[in-house]
Amino acid sequence: MTVRSQGYLFVLITMCIWGGFTIFSRLNAHWHVSMWDLVAMRFAIASVILVPVLIYKKDFAFLWHPRPLILALIGGLGYCFTVYTAFLHAPAAHAAIFLNGCIPLCTAIAAYLLFRQPFDKHTWFSIAIMMSALLLMSYLMLHDQSAVLGWGDLLLFISAVWWGVFTVLLKQWKLSAWHSTAGVVIWSAIIYLPIYILFIPKHFQDAEPLHLLIQGLFHGVLVVIVATLTYVAAIQRLGAFKTGSIVTLAPFIAAVVAVPLLDEPINLAMISGLIGMAIGALQPWRWFQKDTLEAQLEHQNKN
């Protein structure tokens, strides 16, 4: 396979896992998997896989720096607690809007507040589109009694804030994919698992063993480890913007799939929100600019 083909293969794998994250997280409400149990399984399983690798590589020094600990509290525990709780109360379409759609916006705001990074013209344009979509969605909801916002939507937005701050810190501190993944997993496990074992009630008896196994392997292996590796590999082959733009589609596709698969409701307000937030997050106008620039460079090289 060519380098380009490899990049698209890694993007496809990442998309399937990221889209599956929405579907599988929503399945917790149907399968009666407790959020507390799921977070424990996620970090316990990932730790069992990563710790032997750390021992083999003798790569422990980075763990004693405060930065992995801070990332674990924000992008590990903080994000997991809010997002898994939110998925118990909000459908996939709401997640695509208030979580995945808002992550680029929250990231840009976090970069400005924490490190005074100014908004570029693309960010301002995205903000305008997203705010317009949210206003239109709110207006349509006022005329549709079945379309209401709730506690889950607020938690989805808080999750977007967590992930935006996490992304900015990760970029600013320039940690590698391996160190950031291992640091978040190990520190999250060290902090949470003792508290979970000693003080938090377990609800494994409420769910089927097969469902627990599926959720544990998906969130502990595919989401935490495999998706991170394939995402980084795709960026190395296709570039950050193209990779990020393509995989951003995954949650929006999952929102559509959840309608027949999980029998979730959809209405005009949600459709307008999905379209507007997807356009704002994807920034499709940059694709045309990038393609035009690449064509010009290719033409110049031929001449």
Partners meeting side-chain hydrogen bond (donor to acceptor under 3.5 Å, both in side chains) with Trp36 (sequence neighbours left out): none

Partner residues of Ser25 under the side-chain hydrogen bond (donor to acceptor under 3.5 Å, both in side chains) criterion, sequence neighbours left out: none

Ring centroid separation Phe166 to Trp163 under 6.0 Å: yes

Centroid separation Phe81 to Tyr192 less than 6.0 Å: yes

Cut-off 3.5 Å, side chains only: do [X] and [Y] have a donor facing an acceptor?
| X | Y | value |
| --- | --- | --- |
| Asn28 | His211 | no |
| Thr85 | Thr82 | no |
| Thr167 | Thr107 | no |

Within 45° cone of Tyr8 ring axis and under 6.0 Å: Arg4 NZ or CZ: no

Heavy-atom check, side chain of Leu63 versus side chain of Ile186, under 4.5 Å: yes

Minimum side-chain heavy-atom gap Tyr79-Ile74 below 4.5 Å: no

Steps toward side-chain contact (heavy atoms from CB on, under 4.5 Å) verdict (Tyr56, Val51): CA-CA 9 Å; Tyr56 175 77; Val51 167; over 6 Å; no

Side chain to side chain donor-acceptor pair (under 3.5 Å) partners of residues 37-52, not counting sequence neighbours, each pair once: Asp37-Tyr196, Arg42-Tyr84

Approximate separation, where rounding is to 0.5 Å, of His30 NE2 and Leu262 CG: 5.0 Å

Separation between CD1 of Ile23 and CZ of Phe87, rounded to the nearest 0.5 Å: 9.0 Å

Minimum heavy-atom distance between Ala227 and Val223, given as atom pair plus value: CB-O, 3.6 Å

Smallest separation among heavy atoms of Ala72 and Trp187, with atom names: CB-CB, 3.6 Å

Residue from Leu229, Val232, Val53 passing side chain to side chain contact (heavy atoms under 4.5 Å, CB included) with Trp178: Val53

Name of the residue among Asn100, Ile103, Leu274 meeting side chain to side chain contact (heavy atoms under 4.5 Å, CB included) with Pro251: Asn100

Worked check of ring-ring contact (aromatic ring centres under 6.0 Å, His included) between Phe24 and Phe218: CA-CA 8 Å; Phe24 278 89; Phe218 179 81; 4.3 Å; yes

